[in-house]
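Here the structure is laid out as structure tokens; the discussion comes afterwards.
Both backbone and side-chain heavy atoms feed into the values below; hydrogens, waters and symmetry mates do not. Order of listing sets the numbers, starting from 1, for every ligand and every atom in it. Keep in mind it's a predicted model, so treat the numbers as computed, not measured.
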Amino acid sequence: MRRPLLVLVIAIAAVGAFAGGLAWLLDTPKPSPGAPRRERLYLTLCSTCHGADGRGSWRAALFLIRPGTLSDNEAIGQRSDEYLFDIIKHGGAPIGRPGMPGFGATLSDADITELVRYVRGLTRPG
Ligand code: HEC
């Protein structure tokens, strides 16, 4: 094999490995078949930043995003359902917490209510 060709093959393999690795890094857990809608929504839309268990994704940390801990009963337990609903619908910007995007344009109010319930389910009492 001629040398330039070998270099080209190695370069293509390196780009492939990089892209594959990046895809693996950025992928999030898939909901199990038959999972309830709220779980599907959460794993699809929220776990990228908040992590599957609400403890914050290290993937988000890579991009210097600090989503806090949704499973923290101290913090979330004190929040009203209205607060959770509003921050999911309108995002954090209106209340000075701009890291959290709003989902009002993509989700119905019914879906947002489902997500509020799901977030409630992440906090363990105590
Ligand atoms: C782009 C990353 C990102 C995505 C996607 C995202 N969030 Fe957030 N979220 C954040 C960040 C960052 C904060 C913290 C904002 C701050 O404190 O400044 C936050 C805050 C929150 C809070 C408030 C927590 C508290 O202590 O007050 C809730 C509730 C929340 N997110 C729910 C969700 C839900 C539900 C989804 C999916 C529909 C979602 N987030 C998607 C980044 C994200």
Exercise. Which is it for L107 and E114 under the side chain to side chain contact (heavy atoms under 4.5 Å, CB included) test, yes or no, and what are the steps along the way?
Worked result: CA-CA 10 Å; L107 293 177; E114 288 286 292; over 6 Å; no

Tell me: protein heavy atom nearest [atom], and distance?
atom                    : answer
atom 33 (C) of ligand 1 : M100 CE, 3.2 Å
atom 16 (C) of ligand 1 : R97 NE, 3.3 Å
atom 42 (C) of ligand 1 : G99 O, 3.5 Å
atom 28 (C) of ligand 1 : L70 CD2, 3.6 Å
atom 5 (C) of ligand 1  : L45 O, 3.3 Å
atom 23 (C) of ligand 1 : I87 CD1, 3.7 Å

Please report the closest heavy-atom contact between [X] and [Y], naming both atoms and the distance.
X    : Y   : answer
C49  : P67 : O-CG, 3.0 Å
R40  : S32 : NH2-O, 4.0 Å
H90  : P94 : O-CD, 3.7 Å
T123 : L70 : CG2-O, 3.3 Å

Please work out, at 4.0 Å between heavy atoms, whether the side chain, the backbone, both, or neither of [X] comes within that distance of ligand 1.
X   : result
I76 : side chain
R79 : side chain
I65 : side chain
L41 : neither

For this session: Enter the distance from Y42:OH to D111:CG here, rounded to the nearest 0.5 Å.
Result: 16.0 Å

Problem set entry | Test log, rule side chain to side chain contact (heavy atoms under 4.5 Å, CB included), inputs L45 and F103 | CA-CA 9 Å; L45 297 171; F103 288 87; 4.1 Å; yes

Check each of [options] against [atom] and report the one with the nearest heavy atom.
atom                    : options             : result
atom 13 (C) of ligand 1 : P67, G91, C49, P101 : P67
atom 35 (C) of ligand 1 : L84, L43, I88       : I88
atom 40 (N) of ligand 1 : H50, R38, E114      : H50

Per-atom contacts, ligand 1 versus [X] - under 4.0 Å to a heavy atom:
X    : value
C46  : 34 (C), 35 (C), 36 (C), 37 (C), 38 (C), 39 (C), 41 (C)
L115 : 38 (C)
R66  : 12 (C), 14 (C)

Exercise. Could you go step by step and tell me if D86 and I95 meet the side chain to side chain contact (heavy atoms under 4.5 Å, CB included) rule?
Worked result: CA-CA 10 Å; D86 282 348; I95 54 168; over 6 Å; no

For this session: Could you tell me whether Y83 and ligand 1 have an N or O pair separated by under 3.5 Å?
Result: yes

Exercise. Got a sec, which residues hit side-chain hydrogen bond (donor to acceptor under 3.5 Å, both in side chains) with R79, two or more places apart in sequence or on another chain?
Worked result: none

For this session: For the pair R38 and V116, evaluate side chain to side chain contact (heavy atoms under 4.5 Å, CB included) and give the outcome as yes or no after the intermediate values.
Result: CA-CA 9 Å; R38 61 184 75 161; V116 171; over 6 Å; no

Problem set entry | Flag side-chain contact, heavy atom, 4.5 Å: R120 against L84 |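 Yes. Closest side-chain heavy atoms under 4.5 Å.
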
